[in-house]
Amino acid sequence: MKLSRPDLFRQAAYLAGTWVPAGTDGIDVLNPSTGARLGAVPKITASQTGQAIEQAQTAFHTFKRLTGKQRSAMLRRWYELMLQHAQDLATIMTAEQGKPLSEARAEIDYAAAYLEWFAEEAKRVYGDTILAPKASQRISVTKEAVGVCAAITPWNFPSAMVTRKIGPALAAGCTVVLKPAQQTPFSALALCVLAEEAGFPAGTISVLTGESASIGGELLANPSVRKLSFTGSTPVGKTLMAAAAGTVKKLSLELGGNAPFIVFEDADLDAAVAGAMLSKFRNAGQTCVCANRFLVHRDIHDAFVAKLAHAVAGMKMGDGFDPASQLGPLIDAKAIEKVSRLVDDAREAGAIVLQGGRHHQAGKHFYAPTVLTEVTSHMEISREEIFGPVVAVQRFSNEAEAVEIANATPYGLAAYFYTRDLNRTIRVSEALDFGIVGVNEGAVSTEVAPFGGVKESGFGKEGSKYGLEEYLEKKYVCVGNVA
Ligand code: NAP
């Protein structure tokens with residue numbers, strides 16, 4: 001890795017202002033493209049996690065008393081530092097996560113935008129006054145920072161998931177202890193170097209690397225942690241939700257998805273193909289809002305599939321540092337096994353492989369971009385989140401059927417559809433049981449809009465004006481006997 005600021009790459013955890021270096025028993029981090037070892041991070045223990053929480057609690061007492069404008073200035077500075085060092089941050093991300101460098105660079109802009117947004121929102125925390133039922137009373141509602149927050153983030157967006165949680169938490173006046181995924185800790189740690197430079201006091205942020213059992217166990221059990229924000233899989237989210245009940249923590253859960261992508265007979269097919277490519281292949285299909293089930297009206301099925309297969313055939317797969325690469329590797333061997341299993345199962349159950357359907361010669365963790373047709377709702381590939389570069393197409397005959405298939409999942413994160421009919425736009429948007437709906441749009445993530453799901457995709461919103469609310473408690477004050 002060639003970095004203009006080599007000190008952004010830290011083989012250490014960040015415990016309340018102290019860098020704890022990796023010892024001999026650290027966790028190795030590998031480049032998923034090549035398998036090369038990038039370095040190691042320490043295995044932070046439960047007792048060290050307890051120390052970080054204690055120091056976050058101490059820091060909270062002073063940090064929450066700063067003005068919104070003071071916290072805003074620090075967040076703004078952090079945002080500017082991210083942009084200043086964007087190329088280095090993107091390089092670290094591509095090395096540990098595998099996505100093409102241009103995509104990593106775009107994620108840095110997207111991640112920084114959350115800091116910019118919440119720097120602005122930090123100044124806009126409003127309460128209420130309420131007309132009291134008695135003439136001698138005055139009622140007001142104020143909003144206060146929740147307290148020490150735990151954040152647990154996945155490997156697919158190693159920077160954006162961090163700023164999307166830490167940004168609003170700090171804007172509100174909370175302090176944060178974050179555990180990044182074991183595969184991608186270096187991006188979160190590089191952000192900590194810049195947070196220190198931006199002036200965040202010791203204890204306001206900790207990034208603890210290591211095993212989920214020890215760190216997660218303490219984060220969930222410790223009564224000083226008042227909130228957990230988690231992004232990851234639905235099964236892990238359910239476990240954490242149960243564990244949080246012990247100390248009744250506030251929760252935000254951004255869990256898995258199973259997004260339908262519906263192409264109606266009146267759609268602009270070229271726009272639908274462009275949207276499908278964006279929605280499906282970003283991060284090699286490893287995003288929670290990736291189109292998972294393509295539902296295509298029978299009248300335009302063959303035309304849509306032909307155009308899509310043509311676009312997919314032109315994609316270049318390879319190492320993220322090769323400027324020609326449009327698709328990188330999957331994160332690890334487990335991911336390859338899962339995608340292969342889902343494709344093999346679909347093929348055995350009658351799906352037709354138009355493109356791909358196999359490993360790619362670029363390396364051990366590469367799976368060729370794949371197009372399957374004649375998929376049905378009963379196949380595993382329609383029920384599980386694929387998390388890989390596989391388009392699975394099924395046909396439908398009418399709008400009611402498409403909506404019924406789309407909603408027939410326990411998940412409810414993102415859904416997409418393409419149509420040129422205004423009435424259908426409104427009807428179908430309202431009928432879809434999902435937290436996010438893209439109409440004639442395949443890329444829906446932005447810091448200005450509320451991101452989050454319903455049903456087993458979780459609850460709580462990230463980004464937008466609603467994102468800050470997740471880190472604030474409302475306090476009602478009643479003043480009586482006013483003369
Ligand atoms: P994961 O296995 O659920 O892991 C996510 C994070 O949780 C990692 O930091 C992991 O740490 C940690 N973790 C796992 N078990 C834990 C436990 N028992 N206690 C505490 N922490 C624990 O998910 P993933 O495979 O990394 O990510 C892919 C999933 O995330 C997909 O399902 C995707 O849809 C979802 N996702 C959702 C969103 C959204 O906004 N809705 C965004 C991105 C991804 P270790 O690394 O130490 O295991």
Side-chain angles (χ1 to χ4, degrees), residues 53 56-76 114-151 163-177 200-201 203-205 219 222-231 241 244-254 435-436 446-454 458-483:
I53 295 168
Q57 181 68 41
T58 306
F60 175 62
H61 294 302
T62 40
F63 192 64
K64 72 173 179 184
R65 291 202 166 80
L66 297 182
T67 63
K69 193 165 176 166
Q70 285 170 314
R71 288 194 295 269
S72 168
M74 288 181 208
L75 282 164
R76 178 87 204 173
Y114 282 101
L115 299 184
E116 181 192 35
W117 176 267
F118 286 110
E120 291 156 358
E121 291 298 287
K123 295 179 280 185
R124 300 195 184 103
V125 177
Y126 304 112
D128 281 312
T129 56
I130 295 175
L131 281 181
K134 292 182 187 164
S136 61
Q137 290 178 331
R138 298 293 180 274
I139 292 176
S140 64
V141 179
T142 54
K143 291 185 186 164
E144 295 182 355
V146 166
V148 176
C149 297
T163 56
R164 196 153 95 166
K165 297 184 188 310
I166 296 191
L170 296 174
C174 299
T175 53
V176 188
V177 180
F200 286 100
T204 47
I205 304 172
L219 288 175
N222 195 309
S224 295
V225 174
R226 295 315 316 144
K227 177 181 170 93
L228 167 71
S229 177
F230 169 73
T231 294
M241 194 173 174
T247 48
V248 193
K249 297 187 199 312
K250 207 172 154 76
L251 286 173
S252 295
L253 300 175
E254 302 285 354
I436 303 168
T446 160
E447 77 281 7
V448 309
F451 189 101
V454 296
F459 49 80
K461 299 294 175 196
E462 296 196 309
S464 81
K465 66 174 181 176
Y466 305 105
L468 195 58
E469 296 292 323
E470 304 282 330
Y471 295 89
L472 293 165
E473 293 284 16
K474 293 175 197 71
K475 182 181 276 177
Y476 149 50
V477 177
C478 179
V479 179
N481 289 305
V482 177

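As a basis for the values below, the full set of heavy atoms in this structure was taken, side chains included, without hydrogen atoms, waters or symmetry mates.
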Point-to-point distance, once rounded to the nearest 0.5 Å, from [atom1] of [X] to [atom2] of [Y]:
X	Y	atom1	atom2	value
Lys461	Arg164	NZ	CZ	11.0 Å
Gln57	Asn222	CD	CG	8.5 Å
Ser464	Phe118	OG	CZ	6.5 Å
Cys149	Lys250	SG	NZ	9.5 Å
Phe230	Leu219	CZ	CG	12.0 Å
Arg226	Thr175	CZ	OG1	12.5 Å

Ion pair check, Lys227 and Glu470, cut-off under 4.0 Å: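 Salt bridge: yes.
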
Salt bridge Lys165-Glu462, side-chain N to carboxylate O under 4.0 Å: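 Looking at Glu462 together with Lys165, the answer is yes, because their closest N to O distance falls below 4.0 Å.
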
Donor-acceptor pairs are to be reported for all side-chain atoms of residues 120-141 against protein atoms at under 3.5 Å, with residues two or more places apart or in another chain.
unit_1 : atom_1 : unit_2 : atom_2 : d
Arg124 : NH1    : Glu120 : O      : 3.3
Arg138 : NH1    : Ala135 : O      : 3.0

Within the 4.5 Å heavy-atom criterion, are [X] and [Y] side-chain neighbours or not?
X	Y	result
Phe459	Leu251	yes
Glu447	Thr163	no
Leu75	Phe200	yes

Salt bridge (charged side-chain N to carboxylate O under 4.0 Å, His left out) between Glu473 and Lys143, worked out: CA-CA 5 Å; Glu473 293 284 16; Lys143 291 185 186 164; over 6 Å; no

Polar side chain donor-acceptor pair, Lys249 to Thr247, under 3.5 angstrom: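 Distance-only check passes for Lys249 and Thr247.
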
Which atom pair, heavy atoms only, marks the closest approach of [X] to [Y]?
X	Y	answer
Pro450	Ile436	O-CG1, 4.4 Å
Ala145	Gly173	CB-C, 3.6 Å
Ala119	Ser72	O-OG, 2.7 Å
Met74	Pro201	SD-CD, 4.2 Å
Leu468	Pro168	CD1-O, 3.4 Å
Ala169	Val176	CB-CG2, 3.6 Å

Tyr471/Leu170 under side chain to side chain contact (heavy atoms under 4.5 Å, CB included): CA gap, chis, key distance, verdict: CA-CA 9 Å; Tyr471 295 89; Leu170 296 174; over 6 Å; no

Stepwise side chain to side chain contact (heavy atoms under 4.5 Å, CB included) check, Val225 with Val177: CA-CA 9 Å; Val225 174; Val177 180; over 6 Å; no

